[in-house]
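All remarks here apply to the structure that follows.
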Protein chains: 2
Amino acid sequence: MNDFLYNKRIFYSPVEFAMAHIGGTWKIPILNCLRTGALRYGDLKKSIPHISHKMLITQLRELEEKNMVTRQTFQEKPPRVEYQLTAKAEMALPVIDQLAEYGISLMKEAGIDHTP
Amino acid sequence: MNDFLYNKRIFYSPVEFAMAHIGGTWKIPILNCLRTGALRYGDLKKSIPHISHKMLITQLRELEEKNMVTRQTFQEKPPRVEYQLTAKAEMALPVIDQLAEYGISLMKEAGIDHTP
DNA sequence: CTGAATCCAGCTGGATACTG
DNA sequence: CAGTATCCAGCTGGATTCAG
């Protein structure tokens, strides 16, 4: 597979390109939280333990820019903003699930409890 | 899913645990190169464009430590060292393939040429 | 409630030089 | 040929503060 440039960044493989969309510590947890429907910022924040305000905002902006989530604002008081998965992101869900399955099998092998 | 500690690092999900094994820029290219059989350091280096010496060594050490590759040395002159996938790593290959597929579909959508 | 901006510590990875 | 060590620039992400 040949290298290619996209948005001034070099990619060495399709896998890297995929990881630019769902990689990092927080993108997958965010996508997982949104898989059952739109959520507003505050609920998303509550649903994802340990994530900092800055990281949640940053990651949401990146996902928005990559067309993985849409952002809808409601002119209310107090303001309301809802985030929702796009079709592009929904295509990633099976991949994420398979990654989770592999992770669980690795955890079993390592003797880590993997029950909910 | 509950958080857990492993090797003094905190993980928030099985996906993160999986990514600790195959994540980063270089682990997947390395695993892909080894999927057809053992390779020695020099050949691996030649097979992976752009990777620096330091990164290849570092990543190989990490993969070895995680039991994803084995390292076999031959007492010859000049010295020979061969790396090979373990069963644990072979379990990751289907996951990697699915990631690549998703990456390719994203590339199509972005209008990037994805032919070999 | 949602979001932008700033400061700053820590990690990542490149370049380079040296060893058996 | 394979591997180690050091230096250092750049990015990442946390804490904090300010704003609509």
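Being a predicted model, the structure only gives us computed values, none of them experimental. So that the names make sense, note that chain A is the first sequence line, chain B the second, and so on, each numbered from 1.
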Under a 4.0 Å N-O cut-off, is there an ion pair linking A:Lys27 with A:Glu62? yes
Rounded to the Å, how far apart are B:Glu64 CD and D:dT4 C1'? 15 Å
A:Glu90 bridged to A:Lys88 by N-O distance under 4.0 Å: no
Write down the distance between CD1 (A:Ile57) and P (D:dA19), rounded to a whole number of angstrom. 17 Å
Scan A:Tyr83 against the nucleic acid and name what it touches under 4.0 Å (heavy atoms): base, sugar-phosphate only, or nothing. sugar-phosphate
Spacing between A:Tyr41 atom OH and D:dG20 atom C1', to the nearest angstrom: 15 Å
Under 4.0 Å from OP1 or OP2 of D:dA2: is there any side-chain N or O of B:Arg71 that close? no
Whole-Å distance between C:dG14 C1' and B:Trp26 CH2? 11 Å
Taking the side chain of A:Lys54 as its heavy atoms from C-beta onward, which of D:dC1, D:dA2, D:dA15 lies nearest to it? D:dA15
Looking at C:dG14, does its base get a donor-acceptor pair with the side chain of B:His53 below 3.5 Å? no
Round to a whole Å and report the spacing from CD of B:Glu62 to C1' of C:dG13. 12 Å
Salt-bridge test for B:Arg35 and B:Asp97: reply yes if a basic N is under 4.0 Å from a carboxylate O, no otherwise. yes
Given C:dT2, is OP1 or OP2 found less than 4.0 Å from the side-chain N or O atoms of A:Arg40? yes
Starting from C1' on C:dG3, measure out to CD1 on A:Ile51 and report it in whole angstrom. 14 Å
Check whether any side-chain N or O of A:Ser52 sits under 4.0 Å from OP1 or OP2 of D:dG13, and answer yes or no. no
B:Phe17 ring center within less than 6.0 Å of B:Phe4 ring center: yes
Distance, rounded to the nearest Å, where B:Gln59 contributes CD and C:dC11 contributes C1': 13 Å
Using whole Å, report how far CD1 of A:Ile48 lies from P of D:dG14. 13 Å
Pairing of B:Arg71 and B:Glu65 as salt bridge, 4.0 angstrom limit: no
